[in-house]
There are 2 protein chains.
Amino acid sequence: MTDTRPGARGRPRGFDADQALDRAVEVFWRQGYEGASLGDLTAAMGINKPSLYAAYGNKRELFDRALARYAETDMAYAGAALARPTAHEVAETFLRDNARALTMPGRPAGCFSIQSGLSCSPENAGVSATLARARRAGELAMRERFERAVRDGDLGPGEDPADLARYVMTVSEGLAVHAAAGTPLHELERTVDLALRAWPSRTE
Amino acid sequence: MTDTRPGARGRPRGFDADQALDRAVEVFWRQGYEGASLGDLTAAMGINKPSLYAAYGNKRELFDRALARYAETDMAYAGAALARPTAHEVAETFLRDNARALTMPGRPAGCFSIQSGLSCSPENAGVSATLARARRAGELAMRERFERAVRDGDLGPGEDPADLARYVMTVSEGLAVHAAAGTPLHELERTVDLALRAWPSRTE
DNA sequence: CCGATATTTGACAAAACGTTACATTACGTC
DNA sequence: GACGTAATGTAACGTTTTGTCAAATATCGG
C-alpha cells in the first residue's frame, strides 16, 4: 500500500499520504463521518478519488486511519497525563490539556472522537461503535491508573477508581460539546477548576 | 397547516401530526440530522413524502418542529428543576432527572440536542447552530436561576453563577455522551454523585 | 348528489452519493 | 529507448438523496 522504499516500480505517488490523512482528519472532525462527502475529502486532501481509494481503501478505512492518526497526535497529551505522579495531578493535567486541545487554534474546535460520529444512520453504526470503543478504552486506562493510585495509597481505599475515571471522562466530553459550540478556552478552564473541586481530598 | 377544528374542508388527514412528529424525533435522535433520510423518516412516521412536505414544509422545518417538540416533552424536567427552592437542589434535581431521561426505556439513549447534529456538513451548519443555541439558552436559564440564588443568599457572593451553570451543563452533556454509548443509569447516577461534590457548601 | 378542497398515492426529476473502469502519465529496470 | 508497473485525471457507474407532479381519493357544505 505505502511505497516508500527505494527500488519501487511504477509511477511514484504525487502526494504525502500522512499529510493528506491530516487533512482528512480535519474534515471528519468538522463535518462528521456522514457529513463529509468524498468530494469534501478529496478537495481538502488535494487528491482525486481513485488516489484516495488506492491509498486508503475506501471511505470507512480512511476514517479508521484518521481516527488512529488523531489518537496518536491530538490525543497524545492523554498518555502523558496518565504518567503524572498522583491521581489528582493525572485528573488535573488531563482536563487542562484537554481543554487546551479542544480549543487549539488552527484545528477544529471540539473533539474528533465525539463530533465525527456520535450518532449515525444504521448502515454506519459501526462508526459510532468504533468511536465509543475508543473513548471507553481511554476511560479504562484512566481507571487502571486510579486503581494503581489506590494501591499506592495515593487515593483513599473508599474511592472508586471506575467512578473517578468515568467522572473525569464525563467532564471531558462535556467540555468537548461546549468547545464545539464555541465556548472559549478561559471559560472551559473555569469549568475545569470547578470540576476539580469534586476530587477527594488526600486527608480523607 | 394543522386542521383539527370542525368545519374543515377537503380530505381529512389520515395521520396524527403530533404522533408522527414524535416518531420523527426518535429518528433524528437516533441517527442525526444527516443520517436520517426522508425514507427513514417517512417509514417511521407511517406517511409518504408528499404528506410530510404538506404537513411540515421540508426536512429542515420538520427538524425544527422535532426539536421544539423534544424540548417541550423530553426536556420538561429541566424547567421543573429550576423551580427547586435552593441552588443545590436545582443542580441535583436537574442532573438526576437528566440521567434518568438519558436512559429512558423505549426512547433513544442520550440527548437529542447533542446527537442529532453536533457537527454537520457546511450546508447543514444551521442545524448545529440551532442546537447549540438551544443548549446555550438552557445554560443561560440556569445561570439566571443561580444569580437569583446569590441575591437570595442561597449561594455565597463569591460563587459565579455563570461558572456553576456552565459546569452543570458540561456534566450533563458528558452524561449524554456516555449514555449514547450505552452507559447504564446506575453508573450515570454515580457520576452525578461525584459531580455534586464540587458544589459549594452553604456555610462558606 | 355535486362541486370545492385538501390529502394520499405512486411515479418521477435532478442532484449528490460512494465507488470503479479506462486511458494516460511518470518512474525504475533491462 | 522500450517494457512493466503503479499512480493520475476524467468520466462514468448504479444507488440514494431531497423534493415535486398529477391523478385518485375522501370529506365537507350546499
Side-chain angles (χ1 to χ4, degrees), chain A residues 1-21 24 27-28 31-66 116-117 120-127, chain B residues 1-21 24 27-28 31-66 116-117 120-127:
Chain A
M1 186 180 302
T2 42
D3 192 6
T4 51
R5 71 203 173 283
R9 276 183 296 234
R11 179 174 177 171
R13 183 175 282 156
F15 63 98
D16 182 288
D18 282 338
Q19 192 171 324
L21 187 55
V27 176
F28 282 130
Q31 308 188 14
Y33 180 80
E34 294 187 323
S37 72
L38 280 185
D40 294 332
L41 290 163
T42 53
M45 299 167 83
I47 64 180
N48 35 31
K49 293 183 220 178
S51 298
L52 189 153
Y53 276 80
Y56 307 97
N58 60 15
K59 185 184 179 183
R60 180 59 205 280
E61 293 179 45
L62 173 63
F63 178 80
D64 289 340
R65 299 266 302 261
S116 65
C120 286
S121 69
E123 62 190 352
N124 293 318
V127 171
Chain B
M1 184 179 301
T2 40
D3 192 7
T4 50
R5 70 204 174 284
R9 275 183 301 228
R11 177 173 177 171
R13 182 174 284 160
F15 63 98
D16 183 288
D18 282 338
Q19 192 172 323
L21 186 56
V27 175
F28 282 130
Q31 309 188 13
Y33 180 80
E34 295 187 322
S37 72
L38 281 182
D40 295 331
L41 290 163
T42 53
M45 299 167 83
I47 62 178
N48 36 30
K49 289 180 243 177
S51 296
L52 189 152
Y53 277 79
Y56 307 97
N58 58 16
K59 184 182 178 184
R60 181 59 205 280
E61 292 179 48
L62 172 62
F63 178 81
D64 290 341
R65 298 268 301 262
S116 65
C120 287
S121 68
E123 62 190 352
N124 293 319
V127 170

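Chain naming here is simple, since letters A, B, ... match the order of the sequence lines and numbering starts at 1 in each. Worth knowing before you read on, the calculation uses all heavy atoms, side chains too, and leaves out hydrogens, waters and symmetry mates. In this text the structure is predicted, and so the values were computed from the model without any measurement.
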(request) Figure out the CD/C1' separation between B:Glu123 and C:dA16, and round it to whole Å. (result) 9 Å
(request) Just compare D:dT8, C:dT9, C:dA26 and give me whichever is closest to any side-chain atom of A:Pro12. (result) C:dA26
(request) Return the set of residues passing side chain to side chain donor-acceptor pair (under 3.5 Å) with B:Asn48 (not counting sequence neighbours), or none when no residue passes. (result) B:Ser51
(message) So which atom in B:Leu62 and which in B:Met45 form the shortest heavy-atom distance, rounded to 0.1 Å?
(response) CD1-CE, 4.0 Å
(message) Under 4.0 Å from OP1 or OP2 of C:dT8: is there any side-chain N or O of B:Asn48 that close?
(response) no
(message) Output the rounded distance in Å from OH (B:Tyr56) to C1' (D:dG19).
(response) 17 Å
(message) Tell me which pairs pass salt bridge (charged side-chain N to carboxylate O under 4.0 Å, His left out) where either residue lies in residues 36-60 of chain B, with sequence neighbours left out.
(response) B:Arg60-B:Asp64
(request) Report the residue (A:Tyr53 or B:Ser51) whose heavy-atom-nearest nucleotide on DNA chain C is the more 5′ of the two. (result) B:Ser51
(message) Rounding to an integer number of Å, can you tell me how far A:Lys59 NZ sits from C:dC17 P?
(response) 9 Å
(request) Grab the CD-P distance between B:Gln31 and D:dT17 for me, whole Å please. (result) 10 Å
Restricting to nitrogen or oxygen on both sides, can you table the protein-nucleotides 21-25 of chain C pairs closer than 3.5 Å?
from   : atom 1 : to      : atom 2 : distance (Å)
C:dT25 : O2     : A:Arg11 : NH1    : 3.1

(message) Please report the interatomic distance CD1(A:Ile47) to OH(A:Tyr56), rounded to the nearest 0.5 Å.
(response) 5.5 Å
(request) Search all heavy atoms of A:Val27 against all heavy atoms of A:Ala36 and return the closest pair with its distance. (result) CG1-CB, 3.7 Å
(request) Please report, rounded to the nearest Å, how far the C1' atom of D:dG9 is from the CZ atom of A:Arg13. (result) 16 Å
(message) Rounded to whole Å, please give me the gap between CD1 in B:Ile47 and P in D:dT20.
(response) 15 Å
(request) Using the test salt bridge (charged side-chain N to carboxylate O under 4.0 Å, His left out), find all partners of B:Asp16 that sit at least two apart in sequence or belong to another chain. (result) none
(request) Taking all heavy atoms of A:Gly57 and all of A:Glu61, pick out the closest pair and write down the distance. (result) CA-OE1, 3.9 Å
(message) Can you say whether a donor on the side chain of A:Lys49 sits under 3.5 Å from an acceptor on the base of C:dT19, or the other way round?
(response) yes
(request) Write down the distance between CG (B:Leu62) and P (D:dG19), rounded to a whole number of angstrom. (result) 11 Å
(request) Return the set of residues passing side chain to side chain donor-acceptor pair (under 3.5 Å) with B:Glu34 (not counting sequence neighbours), or none when no residue passes. (result) B:Ser121, B:Asn124
(request) Look up atom CZ in B:Phe63 and atom CG in B:Leu41, then write down how far apart they are to the nearest 0.5 Å. (result) 11.0 Å
(request) Name every residue in residues 32-44 of chain B that has at least one heavy atom under 4.0 Å from any atom of DNA chain C, in order of residue number, or write none if there are no such residues. (result) none
